[in-house]
**Q** 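One structure is given below, represented as structure tokens, and several questions about it will come after.
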Amino acid sequence: MTELATPQRPSDVPAKTAELDIGGMTCASCAMRVEKALAKVPGVAGVSVNLATETATVNLGEASSGPGALIEAVKKAGYEATLIAPPDAPPAADSAIADSKRDKAHRERYAVLASAVLTLPLVLPMVGEWFGLHAMLSPWLQLALASIVQFVFGARFYQAAYRAVRAGAGNMDLLVALGTSAAYGISVYQLASHPGDVMHLYFEASAVVITLVRFGKWLEARAKRQTTDAIRALNALRPDRARVRIGADEREVPLAQVRVGTVVIVRPGERVPVDGAVLEGRTHIDESLITGESLPVPKQVADPVTAGSINGEGAIAVTTTAIGAETTLARIIRLVESAQAEKAPIQRLVDRVSEIFVPAILAIAALTLAGWLIAGAGGETAILNAVAVLVIACPCALGLATPAAIMAGTGVAARHGVLIKDAEALETAHRVNVVAFDKTGTLTIGQPSMTAFEPIGGIGRDEALALAAAVQRHSDHPLARAVVKAYEMRSGDSPTHAEVEHELATGDAAAPHRSGNDVPGPNANELAMSSAVASAPAAKAEATTASAARAVPGRGVEADIQGHTLALGSTRWLNELGIRLPSRLTERARELEAAGNTVSWLMQRDPQAPAALALIAFGDTVKPTARAAIERLARMGVKSVLVTGDNHGSAASVAKALGIDEFHAEVLPEDKARVILDLKFRSAGIVAMAGDGINDAPALAAADIGIAMATGTDVAMHAAGITLMRGDPALVADAIDISRKTWRKIQQNLFWAFVYNLIGIPLAAFGLLNPMLAGAAMAFSSVSVVTNALLLRTWRGAPGR
């Protein structure tokens with residue numbers, strides 16, 4: 001019977017990190033105040049507050065007081081805080097927070113509508129005057145409508161302003177509360193001073209500002225929710241139940257009860273609930289939302305499957321290898337969340353500006369008031385111009401400019417199979433001008449294939465290939481599998497052409513974990529295939545069978561076939577057997593070796609007349625997308641360099657095939673970092689390293705930014721700032737392109753946020769903007785910044801992919 005248990009928290013999940021959902025933040029000043037409050041809690045090692053996601057990420061030290069102290073500190077600062085469930089919690093764990101946010105969004109929409117309905121009668125008479133219509137509401141009716149808007153729908157500004165003042169700080173709410181109160185107060189004063197006179201009151205100004213600001217915040221919140229679509233889409237992929245096999249029965253259980261080793265049944269059309277390997281069945285699986293791969297991936301026995309992917313046409317049984325926070329999907333979610341929660345280096349400058357922004361605006365408003373009074377304007381004009389300064393100057397756009405773009409950029413990157421570890425990696429990648437590529441597994445498939453097969457003498461090609469496959473059938477050596485696979489493909493027992501093309505294009509056949517780049521590890525697909533083939537007679541043709549197969553250390557393999565002893569091995573063995581070759585074949589072998597191929601020979605070990613039957617060459621195949629990727633990088637102004645531990649001939653061959661001018665061959669793992677440092681010195685720019693093996697980890701860490709293939713080792717991914725979910729080198733260019741476009745959006749947002757204030761504040765101070773226009777401009781600024789960031793969601797990769 002399969003044992004079920006609740007999974008333990010994996011060691012790679014940070015146990016000393018707390019995620020808080022923060023309520024009540026309205027601008028960058030709020031985020032700064034929350035950050036400072038959390039930083040003062042004993043035991044807090046680091047804090048990052050994200051205004052766009054309304055979350056705080058807190059790194060706790062050994063002597064931390066726990067989440068309770070963090071929540072209390074946030075409340076004392078005047079905000080609300082709720083602990084977000086850890087990554088290994090079931091999908092429904094944060095449903096209360098999600099429901100609360102949905103309810104809040106609905107309430108805000110209704111509040112905006114109600115405020116607009118009450119404000120409209122105050123505005124219509126003013127609009128009517130533009131068309132020659134003169135109608136005015138009773139001053140007392142204006143007071144009643146404006147009072148409801150001011151103190152019911154504007155109450156949130158007073159509450160937040162009070163909390164800010166009590167904490168000794170300022171924020172957007174303080175500016176709005178002061179500005180609208182001044183406009184409302186001057187109207188009440190005039191009405192009380194001259195109750196029977198017809199005069200112009202400013203109730204519409206205070207009501208319109210409150211309505212527009214709330215409307216702008218509602219639009220802003222709605223747009224911000226769209227920037228987190230990637231996280232919501234990924235979270236939606238996590239099933240909360242699984243169908244497990246217990247003995248001869250199947251039973252549906254909560255996912256939290258499944259443990260490693262459990263056999264899970266996945267029916268057609270269902271989402272795979274766990275990471276695992278196919279135990280029974282064949283199917284195609286849609287992994288598009290995880291890897292960005294648009295085509296369904298064929299799966300058979302021993303192939304890996306990923307939690308969250310969608311099963312196609314066949315029912316499969318899966319042996320669980322990872323659950324909960326250990327699954328690939330959970331790690332992807334953590335990476336995206338981490339990237340969106342952290343601050344980019346440029347955000348620190350914005351934070352410093354935001355910290356002094358509100359006090360500076362209050363000073364400018366006071367100077368405006370005093371200046372107009374000194375200039376001889378009436379108190380009414382002076383107050384209205386000061387109100388316009390208070391209303392138009394909102395630090396929201398500044399606070400949202402960077403995080404909104406980062407959230408949209410990391411989200412679109414995740415949808416296309418590019419995982420960015422943090423905001424700093426995203427910011428650094430846009431300046432990359434050199435990419436150093438590892439060869440094996442990065443630019444090439446990472447497993448040997450037969451590149452040449454030339455029969456010798458009168459033996460036919462098909463017969464010679466059948467004999468070579470018969471000798472190699474019982475071996476698990478990578479070169480042996482390459483021979484068997486070549487024979488199977490020629491004889492018709494191979495995978496479909498579409499499957500082979502998909503394998504070559506995506507690198508899905510590559511083993512998910514290798515011990516190094518230059519020694520390809522066995523592939524699960526090929527192991528299963530060769531195992532099945534080895535237990536059956538040779539297919540087609542001559543029904544060639546081998547017996548007494550045995551390995552000859554350092555030389556090759558030999559077997560008895562139809563009364564003859566055949567061997568397949570190295571040139572050294574060929575020479576030891578005294579087999580002489582025509583000069584043409586000797587020269588051909590040298591050419592193949594110079595091109596980086598491994599040359600073997602099929603031989604007949606006849607004591608009387610040993611002979612060579614065929615020349616066989618093996619090489620690593622360049623990925624079909626590799627050349628296009630290198631060419632695209634060149635068009636982007638990025639130089640590509642090849643750094644590999646393989647021999648000079650192999651490196652030169654791959655470099656020539658891909659159009660790479662500079663390559664470094666026979667580089668030891670510890671020397672790869674030295675090559676990267678040399679490239680950084682010579683280029684005087686930003687150098688990225690793309691690789692997938694353990695021997696790439698030092699170079700990935702030494703580079704300004706590391707780019708790791710998820711088809712490689714965990715060590716490589718931990719050392720990298722960017723992880724590519726498919727073994728496709730084209731994603732390297734995608735990652736740099738997304739980074740560049742995200743950086744451009746950050747620049748655009750900051751430019752408009754600063755320019756908007758630089759232009760708007762003087763206009764308001766000189767009396768060229770009334771409070772209503774100022775309120776509309778303020779609301780528009782925040783919405784435009786987030787909307788501009790959302791344009792990143794339209795990003796597409798290179799045409800034709």
Side-chain angles (χ1 to χ4, degrees), residues 27-29 119 122-123 125-127 129-130 146 150 154 157 161 170-190 199-213 215-216 350 353-399 401 749-785:
C27 65
S29 298
T119 302
L122 297 172
V123 178
M126 185 180 67
V127 175
E129 289 183 1
W130 299 345
Q150 185 76 32
F157 300 112
N171 61 5
M172 180 208 78
D173 301 291
L174 178 60
L175 300 180
V176 173
L178 287 174
T180 57
S181 296
Y184 177 85
I186 192 174
S187 300
V188 171
Y189 172 77
Q190 289 184 336
M199 70 200 78
H200 182 74
L201 303 175
Y202 299 97
F203 287 123
E204 81 281 354
S206 64
V208 166
V209 167
I210 287 174
T211 301
L212 284 175
V213 172
F215 178 60
V350 177
V353 173
S354 299
E355 195 171 4
I356 62 172
F357 190 86
V358 173
I361 293 304
L362 291 174
I364 293 172
L367 288 173
T368 300
L369 178 65
W372 280 98
L373 290 174
I374 292 171
E380 180 181 323
T381 301
I383 290 173
L384 286 177
N385 290 336
V387 167
V389 170
L390 291 172
V391 170
I392 198 168
C394 173
C396 295
L398 282 175
N749 285 350
L750 289 176
F751 173 79
W752 287 113
F754 279 111
V755 167
Y756 157 81
N757 282 292
L758 288 174
I759 294 175
I761 292 172
L763 288 177
F766 285 105
L768 300 176
L769 283 179
N770 65 48
M772 287 188 293
L773 288 177
M778 186 196 71
F780 175 76
S781 68
S782 297
V783 175
S784 62
V785 162

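Any value given below was found using the heavy atoms of this structure, including those in side chains, with hydrogens, waters and symmetry copies removed.
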**Q** Looking at Leu373 and Gly379, what are the two nearest heavy atoms and their distance?
**A** CD2-CA, 3.9 Å
**Q** Using modelled atom types and a 3.5 Å cut-off, is there a donor and acceptor pairing between side-chain atoms of Ser181 and backbone atoms of Leu178?
**A** no
**Q** Look up atom CD1 in Ile186 and atom CG in Leu384, then write down how far apart they are to the nearest 0.5 Å.
**A** 5.5 Å
**Q** My understanding is that only one of Ile392, Val389, Leu769 makes a side chain to side chain contact (heavy atoms under 4.5 Å, CB included) with Leu763; could you say which?
**A** Leu769
**Q** Under the side-chain contact (heavy atoms from CB on, under 4.5 Å) rule, what do Leu390 and Leu362 come out as? Steps first, then yes or no, please.
**A** CA-CA 7 Å; Leu390 291 172; Leu362 291 174; 3.8 Å; yes
**Q** Would you check if Val208 and Thr211 make a side-chain contact, meaning some heavy-atom pair closer than 4.5 Å?
**A**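 A side-chain contact under 4.5 Å is absent here.
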**Q** Taking only residues two or more places apart in sequence or in another chain, which ones pass side chain to side chain contact (heavy atoms under 4.5 Å, CB included) with Asn385?
**A**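 Expected list: Thr368, Trp372, Thr381.
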**Q** Looking only at non-hydrogen atoms, find the nearest pair between Val387 and Ala183 and report the distance.
**A**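 Closest approach of Val387 to Ala183, heavy atoms only: CG2-N, 4.0 Å.
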**Q** Could I get the full list of side chain to side chain contact (heavy atoms under 4.5 Å, CB included) partners for Ser784, not counting sequence neighbours?
**A**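 Partners of Ser784 under the side chain to side chain contact (heavy atoms under 4.5 Å, CB included) test: Phe780.
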**Q** Look up atom CH2 in Trp752 and atom CD1 in Ile759, then write down how far apart they are to the nearest 0.5 Å.
**A** 7.5 Å
**Q** At their closest point, which heavy atom of Gln150 faces which heavy atom of Thr180, and how far apart are they?
**A** NE2-OG1, 3.1 Å
